[in-house]
Amino acid sequence: MRKSSLYLFVLAVALFMCSCGGDKKKSDSQGYSLPKPNMELSAADTAEVISLTNQLLDRLRAEKYDDAVGMLYYLNNDSLEALGNDRARAQAMLFKRFKGVRYEVSHFRFKTDKENEVKFVVTLFEKKDDDPRPNTTAFYLKPIRQDGKWFLTMADAMAFGD
């Protein structure tokens with residue numbers, strides 16, 4: 001009696017586990033379900049974010065830190081606000097502290113109106129191939145689309161109003 005009960009239990013568990021995998025949607029040639037995008041993104045959206053990012057990097061290259069910081073906003077609840085004096089001063093000091101010889105966009109990621117990422121890498125100094133010292137640092141921007149227009153925020157507590 002015990003053996004048959006154990007056998008039925010194992011069989012039931014095996015059937016249950018097999019049945020869980022049978023409901024998967026297969027929508028592409030690999031047999032995986034592709035995630036739907038969370039927002040509609042047009043070429044104009046991408047171009048606007050690239051343009052804003054390039055403007056920011058151009059100002060950093062020209063050592064116009066206050067002008068660069070003037071392009072940044074932070075999210076206060078659901079509204080975007082320009083950085084106040086204290087936040088702007090702190091961000092400008094950060095950019096000055098990590099002044100680079102080269103600024104390059106590493107990647108863009110778009111998810112939703114508020115969950116996006118632009119990574120840019122700052123080369124702090126030129127080095128030879130055999131120099132083991134790290135010479136780059138990275139900054140992350142969080143582009144936010146509000147009312148059809150894109151704004152740049154920093155990807156830190158400042159971006160979300162602390």
Side-chain angles (χ1 to χ4, degrees), residues 23-162:
D23 227 359
K24 293 181 182 173
K25 296 178 183 175
K26 297 182 180 181
S27 61
D28 69 356
S29 62
Q30 296 292 325
Y32 299 104
S33 183
L34 299 175
K36 294 181 181 176
N38 294 336
M39 71 178 208
E40 289 186 30
L41 187 67
S42 70
D45 289 313
T46 306
E48 186 175 352
V49 172
I50 289 170
S51 175
L52 286 170
T53 303
N54 286 334
Q55 289 173 41
L56 179 80
L57 296 183
D58 287 343
R59 291 172 185 185
L60 293 174
R61 286 181 193 106
E63 298 181 23
K64 295 181 179 179
Y65 303 110
D66 292 334
D67 291 345
V69 170
M71 295 181 64
L72 299 175
Y73 294 82
Y74 75 96
L75 193 60
N76 186 8
N77 295 319
D78 279 339
S79 66
L80 284 164
E81 297 180 13
L83 299 181
N85 288 337
D86 291 339
R87 290 178 181 180
R89 194 170 19 258
Q91 190 63 52
M93 287 300 298
L94 187 63
F95 283 147
K96 287 177 189 175
R97 201 170 283 147
F98 292 100
K99 176 183 162 187
V101 296
R102 195 167 47 254
Y103 297 81
E104 298 171 326
V105 173
S106 172
H107 70 260
F108 291 87
R109 284 195 190 120
F110 293 97
K111 291 183 181 179
T112 68
D113 288 343
K114 293 181 183 176
E115 294 180 44
N116 306 296
E117 175 183 277
V118 176
K119 176 183 177 184
F120 68 92
V121 176
V122 179
T123 301
L124 302 171
F125 59 90
E126 298 296 342
K127 70 177 193 171
K128 296 181 181 179
D129 291 338
D130 61 345
D131 187 347
R133 298 176 297 164
N135 69 330
T136 61
T137 190
F139 288 91
Y140 291 85
L141 301 170
K142 290 189 68 70
I144 293 176
R145 183 170 62 178
Q146 192 169 66
D147 299 325
K149 185 176 177 188
W150 287 94
F151 299 87
L152 296 178
T153 67
M154 294 301 295
D156 59 9
M158 247 194 287
F160 299 103
D162 295 331

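Computed from a predicted model, the values in this text were never measured in an experiment.
- With hydrogens and angles ignored, the 3.5 Å screen pairs no side-chain donor or acceptor of Ser51 with any backbone N or O of Ala47.
- Scanning both residues, Phe110 and Val49, for their nearest heavy atoms gives CE2-CG2, 3.8 Å.
- What you find for Asn77 and Leu75 is that their closest heavy atoms are O-CG, 3.4 Å.
- Counting only distance, with no hydrogens or angles, the side chain of Lys127 and the backbone of Asn135 share no donor-acceptor pair below 3.5 Å.
- Using a 4.5 Å heavy-atom cutoff, the side chains of Thr46 and Phe108 are not in contact.
- Not counting sequence neighbours, the partners of Glu63 by the salt bridge (Lys or Arg N to Asp or Glu O under 4.0 Å) test are Lys99.
- Between Arg102 and Glu104, at least one side-chain N (NZ, or NE/NH1/NH2) sits under 4.0 Å from a carboxylate O, which counts as a salt bridge.
- Judged as a salt bridge (Lys or Arg N to Asp or Glu O under 4.0 Å), and not counting sequence neighbours, Asp147 has no contacts.
- Taken from CG in Asp45 to CZ in Arg145, the straight-line distance is 4.5 Å, to the nearest 0.5 Å.
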inquiry  = If you apply the rule side chain to side chain contact (heavy atoms under 4.5 Å, CB included), what do you find for Trp150 with Leu52, and how did you get there?
reply    = CA-CA 8 Å; Trp150 287 94; Leu52 286 170; 3.9 Å; yes
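- For the atom pair Arg61 CZ and Tyr103 OH, the distance stands at 8.5 Å (nearest 0.5 Å).
- Once rounded to the nearest 0.5 Å, the distance linking CG of Leu141 with CG of Leu56 reads 6.0 Å.
- Judged as a salt bridge (Lys or Arg N to Asp or Glu O under 4.0 Å), and not counting sequence neighbours, Glu115 has no contacts.
- Residues satisfying the ring-ring contact (aromatic ring centres under 6.0 Å, His included) criterion with Phe151, sequence neighbours excluded, are Tyr73.
- Rounding to the nearest 0.5 angstrom, the gap separating the CE atom in Met93 from the CZ atom in Arg89 is 10.5 Å.
- Under the 4.0 Å criterion applied to side-chain N and carboxylate O atoms, Glu48 and Lys149 are not assigned as salt-bridge partners.
- Under a 4.0 Å N-O distance rule, the pair Asp131/Arg133 qualifies as a salt bridge.
- Of the possible polar contacts, none joining the Asn116 side chain to the Lys142 backbone as a donor-acceptor pair under 3.5 Å is found.
- Atom OH of Tyr65 and atom CG of Leu94 lie 11.0 Å apart (nearest 0.5 Å).
- The side-chain heavy atoms of Val118 and Ile50, taken from C-beta on, include no pair separated by under 4.5 Å.
- Taking CZ from Arg109 and NE2 from His107, the interatomic distance works out to 4.0 Å, rounded to the nearest 0.5 Å.
- For residues 115-137, the pairs satisfying ring-ring contact (aromatic ring centres under 6.0 Å, His included) are Phe120-Phe139, with sequence neighbours left out.
- Within 6.0 Å of NZ in Lys64 there are 12 or fewer heavy atoms belonging to other residues, nucleotides or ligands.
- Looking only at atom types and distance, the side chain of Ser79 has no donor-acceptor partner in the side chain of Asn76 under 3.5 Å away.
- Scored by the salt bridge (Lys or Arg N to Asp or Glu O under 4.0 Å) test, Asp78 finds Lys114 as partners (sequence neighbours excluded).
- The heavy-atom pair separating Leu83 from Val69 by the smallest distance is CD1-CG1, 3.7 Å.
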